[in-house]
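Structure, as structure tokens:
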Amino acid sequence: QVQLVESGGGVVQAGGSLRLSCAASGRAFSSYARGWFRQAPGKEREFVAGIGWSGGTSYADSVKGRFTISRDNAKNTVYLQSNSLKPEDTAVYYCAAARLWPAVSMFQYHVWGQGIQVTVSS
């Protein structure tokens, strides 16, 4: 069974940093695009960052310059380094996998993790 499992979330003060990880099991995802999305209470799920199988990246304007997505294909793991965090970054963060790249819409992703909470206090 294919699974994506997020880790690294938690509570951090504004201006701080977190590194989220998403490990894949059950299938080699090295040829898949991988992405991070987030959903704040009362809001729709939104794209945060994505990375293609060869390393091409895309970011939401709200996180450009602060967040960095990377992947380790040997470990089937994708990372989201989040710096200069703001209270408005507070959300449940989801990792996902897509067959094609570029992929910036949630409808392009067909495998999802369970989500992990990130809370940024002011």
Side-chain angles (χ1 to χ4, degrees):
Q1 185 176 354
V2 175
Q3 277 191 314
L4 298 177
V5 180
E6 302 97 338
S7 61
V11 180
V12 63
Q13 287 189 332
S17 299
L18 280 177
R19 189 194 194 204
L20 303 182
S21 299
C22 175
S25 62
R27 177 183 296 174
F29 279 94
S30 59
S31 62
Y32 281 63
R34 303 284 292 275
W36 287 95
F37 290 76
R38 66 187 182 187
Q39 188 167 18
K43 295 187 177 181
E44 295 185 351
R45 191 170 300 187
E46 63 176 2
F47 173 77
V48 175
I51 186 167
W53 68 271
S54 61
T57 59
S58 182
Y59 295 92
D61 288 344
S62 59
V63 306
K64 279 182 182 177
R66 300 189 297 122
F67 289 15
T68 302
I69 188 171
S70 60
R71 64 189 298 163
D72 184 335
N73 288 336
K75 295 181 178 180
N76 264 347
T77 299
V78 65
Y79 306 95
L80 185 69
Q81 179 65 44
S82 309
N83 299 329
S84 302
L85 283 161
K86 306 175 181 179
E88 51 264 43
D89 294 317
T90 296
V92 176
Y93 283 69
Y94 298 87
C95 72
R99 292 189 179 93
L100 300 175
W101 179 257
V104 298
S105 166
M106 61 180 293
F107 301 107
Q108 296 175 279
Y109 289 81
H110 64 285
V111 182
W112 291 84
Q114 80 285 355
I116 192 165
Q117 180 70 45
V118 171
T119 302
V120 183
S121 61
S122 57

Point to revise | N-O pairing of K64 and D61 below 4.0 Å | key: yes

Review point. Looking at S122 and P87, what are the two nearest heavy atoms and their distance?
Key: CB-CG, 3.9 Å

Point to revise | Closest contact, heavy atoms only, L80 versus A49 | key: CD1-CB, 4.1 Å

Check your understanding: S84 and S17: which non-hydrogen atoms are nearest, and at how many Å?
Key -> N-OG, 4.3 Å

Check your understanding: From M106 CE over to E44 CD, what is the distance, rounded to the nearest 0.5 angstrom?
Key -> 8.5 Å

Point to revise | W36 to S21 - nearest heavy-atom pair and separation | key: CH2-O, 3.7 Å

Exercise for review: May I ask you to decide if P102's main-chain N or O and Q108's side chain share a donor-acceptor pair within less than 3.5 Å?
Suggested key: yes

Review point. Taking it one step at a time, do L85 and F67 satisfy side-chain contact (heavy atoms from CB on, under 4.5 Å)?
Key: CA-CA 9 Å; L85 283 161; F67 289 15; 3.7 Å; yes

Review point. Any link between V104 and W112 through a network of hydrophobic side chains (Ile, Leu, Val, Met, Phe, Trp, Tyr) touching at under 4.5 Å?
Key: yes

Review point. Of the non-hydrogen atoms in I116 and G8, which two are nearest, and what is the gap between them?
Key: CD1-N, 3.6 Å

Exercise for review: For residues Y94 and E6, report the shortest heavy-atom separation together with the two atoms involved.
Suggested key: CA-OE2, 3.4 Å

Check your understanding: Does a side-chain heavy-atom distance below 4.5 Å link S58 with W101?
Key -> yes

**Study point:** N/O donor-acceptor pair under 3.5 Å between R38 side chain and V118 backbone
**Key:** no

Practice item. Could you grab the distance from atom CZ of R34 to atom CG of N73, nearest 0.5 Å is fine? Key: 8.5 Å

Review point. Is it true that atom CH2 of W53 has more than 12 heavy atoms of other residues, nucleotides or ligands lying nearer than 6.0 Å?
Key: no

Review point. Under 3.5 Å, side chain of T90 to main-chain N/O of V120, donor-acceptor pair present?
Key: yes

Practice item. Take the angle between the ring planes of F47 and F37 and call it parallel below 30°, perpendicular above 60°, tilted in between. Key: perpendicular

Exercise for review: Indicate yes or no for a side-chain donor-acceptor contact from Y59 to the backbone of I69 under 3.5 Å, with no hydrogens or angles considered.
Suggested key: yes

Revision key, fill the gap. NE2 (H110) and CG (L100) are apart, to the nearest 0.5 Å, by 9.5 Å

Check your understanding: Got a second to check how far Y109's OH is from L4's CG, nearest 0.5 Å?
Key -> 11.5 Å

Check your understanding: For R19, does its backbone N or O pair with a side-chain atom of Y79 as donor and acceptor, under 3.5 Å?
Key -> no

